[in-house]
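Since the structure comes first, as structure tokens, the remarks are kept for the end.
Quick caveat, the model's predicted, so the values are computed rather than measured. Chain naming here is simple, since letters A, B, ... match the order of the sequence lines and numbering starts at 1 in each. Note that these values count all heavy atoms, side chains included, but never hydrogens, waters or copies made by symmetry.
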Amino acid sequence: MEQKIVILGAGPTGLGAGYRLNELGYRNWAIYDRNPYVGGLATSFEDSMGFTYDIGGHVMFSHYQYFDDLVDKLLGDQYTEIMREAWVWMMDRFVPYPFQNNIRHLPPDVVLECVLGLIESQKHPERLKEARTFDELIDAQFGTGIARVFMKPYNFKVWAHPVDHMSIDWLGERVSLPDLEQILRNVISGQDSVSWGPNNKFKYPLYGGTGGLYTPFKRYIGDRIHLNKHAITVDAANKQVTFSDGEVVDYDLLFSTMPLDLLINRMPDVPDAVREQTHHLHHSSGLIVGVGVNRPLDSSKCWIYFPETSAPFYRTTYLNNYSPYITPDPESYHLLLTETSYSPHKHEDKATIVDRVVQGLVNVHLLEHDDLDRIASTYLIDVDYSYPVPTTDRNRALGTIQPYLSGLDIYSRGRFGAWEYEIGNMDHSVMQGVEWANRMLLGEVEVTWKDFAHAAETPVNITRQEDDFYAMPGHGWVRAGVEPVTESAAAD
Amino acid sequence: MRDAPQFNSFFMGGFECSTHLLPSGRRLDMLAATGHDRHFRRDFGRMRAMNITTARTGIRWHLIEKSPGDYDWSSVLPMLHAARDAGIQLLWDVCHYGYPDDLDIFSPEFVTRFRRLSKAFARMLNNEMNDPPVISPVNEISFFSWAAGESAHLNPYAIGRGFELKVQLVRAALECADAFREVNPRTRLLHTDPAIHILPDAARPEDADTAAGYDRAQYQGWDMLSGRMLPELGGGEQYLDVIGVNFYPNNQWYYEGETIERDDPNYKPFAQLLREVYERYQRPLIISETGTEDDARPDWLRYVCDQVRAAMAGGIPVHGICLYPIVNFPGWADERHCHNGLWDYADETGEREVCEPFAAEVLRQYELFAAGLQTNGA
């Protein structure tokens, strides 16, 4: 009576789908994952010394009641709550985030360049509407000064793709000009507007890093999860998945969360017109380097952005500030988690990345020279699929590939399954799975995933964010300078 | 008898109608305590405005048969006429825990008197209505037997006679069904009981068999009615038209332990409980009672409705969900003001305040089911 549902991938999306199927009492389903662990890109690794590393910065932040309830259920009281304190390091100083609100920290000639650029952009609000690429949008929104010193170099470091290859629709419909009056007031009166405050907190698992949110799924659906199962062929005609160990599994409905281009590559008999669309799906890769240091940390910062070339990484997270169990002993250690992107547009030498990261940490003064002898552990994670880049050719490719798949009872969702960066945060990813299960079992409409085959009829769902939210790549959605103005803290 | 049941509306409202005796000897009358016996016209009008046009209610045996063999329908007729005028379909409980003072529920006379009452009720309904009656002869046979015969929670507060009472109530229910069908062969029989899930406490694995036994006992009422268990009682498949599944937040528990809450991995999805009932009996289902208290009401309804829609998508024929109770009632034992209905106590004019968040969720679910029923053609 029940159709057999096979889920490929035990990351947030696959687990979300499985959890919901289970919650709705569905019985005929199973999850397969090539890894020996659950969590996918949101998993965490612990080294032999007792440092825990996430695969880059993850912030658990959601606008979904269902997701919030699920987090409560999975974590109980085993979580910490952190104010999302973000900074930018450039020109040998810290600038509180959001950058544009706090440019007063920069040298006077740079402040002038940024302000003049902002004034010029405010004279031409029409350019904001006319912008077609991310490159044009940055100029139109922030002016050429901020674009030159921060937005463009930073975004290239994150995405590893030229910003003029990127579209703008992933930013949502409510991109607006910055509040020039506020910015000038801050410059002249020496005030900061920061993105963090008591109302802008996020939860983090007390144990096990970000992955600590996903291992508890096993309590509910562990008996349905098959690990170390690498799908090598998807035979849509016969509705069978073949795994590398030779096992063949039949399905009626296939829910795939593997990268969309890989899925198409594993399917024989895909028409050329569909297959060639995968060339329009671009992604960046990441080299995550964790550095455990035998020195306690005296800072409340969460993460820092690095737009300059003095360090290879675009972001460093003080992961030990998220939970006391991230290091072997918070009284003695801290942990720096760095992220460096790479792609065909931006090469990075993997053999030297750890050394270059350590040197970069010295260059940006997160490590002192004396600390080099205190490095207790380093850890490198090479992430092939790190960011699905919203390039200008993406939507058309998705609009071709997804209907082809759904016509074969194959549904591709998740950060790389849907290939929609704007719905690639953890909450979105889990909810893509939940909503797909709701669609299959309850006939409900998926509201998070955007169907680009019918884009004209589908509302842009990312406008679920409040007006003053906009996307800052690399860390999901952040609040753009509307928190209470606080006196500047001396840059440490 | 075997065709799909016809209910006026998918969402239904249940009026708590118990008339059992408290241990003090005082008789409850929940239709009176909720004011429904006076404000039924207003209540039916309110339901109609919410597109809820099927109601569960009950007759009060002790008011009807004040002396053996004499039946006074004055406590029923005005309600019945008002429902008819308002286009509200009534599903009747013939015995909802209460019976006349002079009867011993374990005696053979209980069965014969119940049969005579049923026959008279059937005749009365036949005179008053064109549509075939839908009746629940004895409300919650399995639960009532445990509460009244096993564990002294309900009248007659017996201990250790649960199975004996279950057999007795099945006898009574079958006689009632026969009496109704003799008057109107198109009578539809709705048999309700809670769907439960009992597990051994992890600390006491030796209780596994006992817990499993209690878990299975939930089916005994329906099994006897359908002739699968103790066929000598006269049960048969023809006595199960519609199965009513009652479901509340505390329907799952560890044997002699805590409630299994919804965030417990051992919590069995309601859709799965429904599937187990359906696979056992292959009969159409309704959710004949569901609800909870206070602020939890909308979320609970959302959970139940999601589960019901999932079950329906899996091919299980669920024909309705009865919000129970539809108006707040005072606690049986302590007269505590329970906020468990869609509407509150009535004021002296019969006005009742609606629970807005709950009403909003009911309307939201109404739309979801309307859309689903259209797509699935169910």
Side-chain angles (χ1 to χ4, degrees), chain A residues 1-5 15-29 31 38 64-79 213-225 252-253 409 431 433-447, chain B residues 195 197 202 245 247 251-252 260-279 282 285 287 295-296 298-300 302-318 321 357 360-361 364-365 367-378:
Chain A
M1 183 164 61
E2 290 184 339
Q3 294 190 303
K4 170 77 177 286
I5 295 175
L15 292 172
Y19 180 88
R20 184 60 174 158
L21 289 174
N22 184 64
E23 187 178 41
L24 290 172
Y26 202 80
R27 290 176 303 182
N28 197 9
W29 64 278
I31 299 184
V38 301
Y64 299 94
Q65 186 65 48
Y66 186 91
F67 182 81
D68 293 340
D69 293 346
L70 183 56
V71 169
D72 288 346
K73 211 186 252 194
L74 293 166
L75 294 182
D77 56 2
Q78 309 279 293
Y79 64 86
L213 178 64
Y214 297 94
T215 41
F217 274 94
K218 291 196 278 190
R219 290 203 304 264
Y220 295 87
I221 55 174
D223 54 340
R224 304 284 183 154
I225 301 173
D252 295 307
L253 300 172
D409 292 328
M431 291 308 295
V434 170
E435 290 175 5
W436 180 80
N438 284 344
R439 173 178 165 184
M440 290 300 121
L441 297 195
L442 308 180
E444 291 183 4
V445 176
E446 293 176 82
V447 296
Chain B
H197 177 219
V245 173
F247 193 63
N251 275 35
Q252 307 194 29
I260 303 175
E261 303 286 354
R262 251 166 70 202
D263 58 2
D264 188 323
N266 285 322
Y267 191 82
K268 193 184 274 193
F270 182 42
Q272 203 167 317
L273 287 169
L274 288 174
R275 188 181 299 110
E276 287 165 10
V277 174
Y278 178 68
E279 283 175 354
Q282 304 278 316
L285 307 178
I287 315 310
D295 294 344
D299 182 61
W300 176 254
R302 196 152 48 234
Y303 174 77
V304 167
C305 290
D306 275 0
Q307 297 286 322
V308 166
R309 280 181 290 130
M312 290 167 74
I316 295 165
V318 181
I321 297 175
E361 189 59 33
R364 200 178 81 86
Q365 294 297 338
E367 298 293 336
L368 285 171
F369 276 100
L373 293 173
Q374 237 160 27
T375 335
N376 302 329

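Without hydrogens or angle criteria, A:Tyr220 side chain to B:Asp263 main chain gives a donor-acceptor distance under 3.5 Å.
Heavy atoms closer than 4.5 Å to chain B are found in the backbone of A:Asn22, but not in its side chain. For B:Asn266, no part sits under 4.5 Å from any heavy atom of chain A, backbone or side chain.
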Stepwise salt bridge (Lys or Arg N to Asp or Glu O under 4.0 Å) test for B:Glu279 and A:Arg27 | CA-CA 14 Å; B:Glu279 283 175 354; A:Arg27 290 176 303 182; 3.2 Å; yes
Could you give me the CA-CA distance, side-chain angles and deciding distance for B:Arg275 and A:Glu2, then say whether salt bridge (Lys or Arg N to Asp or Glu O under 4.0 Å) is met?
-> CA-CA 11 Å; B:Arg275 188 181 299 110; A:Glu2 290 184 339; 2.6 Å; yes
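B:Ala271 and A:Gly25 make their closest contact through CB-CA, 4.2 Å (heavy atoms, listed as atom of the first residue, atom of the second, distance). When all heavy atoms of A:Leu24 and B:Asp306 are compared, the closest pair comes out as CD2-O, 3.7 Å. Closest approach of B:Pro265 and A:Arg219 over heavy atoms only: CB-O, 3.3 Å.
Expressed to the nearest 0.5 Å, how far CG of A:Leu442 lies from CZ of B:Phe369 amounts to 8.5 Å. Here CG of A:Leu441 is found 10.5 Å from CZ of B:Arg309. Values are rounded to the nearest 0.5 Å. One distance of note links OH of B:Tyr267 with CD of A:Glu23; it measures 10.0 Å at 0.5 Å rounding.
For A:Asp69 and B:Arg262, the salt-bridge test fails: no basic side-chain N is under 4.0 Å from an acidic carboxylate O. Comment: B:Arg364 does not engage A:Glu444 in a salt bridge, judged by the lack of any side-chain N to carboxylate O separation of less than 4.0 angstrom.
The number of heavy atoms from other shown groups lying within 6.0 Å of CG (A:Asp252) is above 12.
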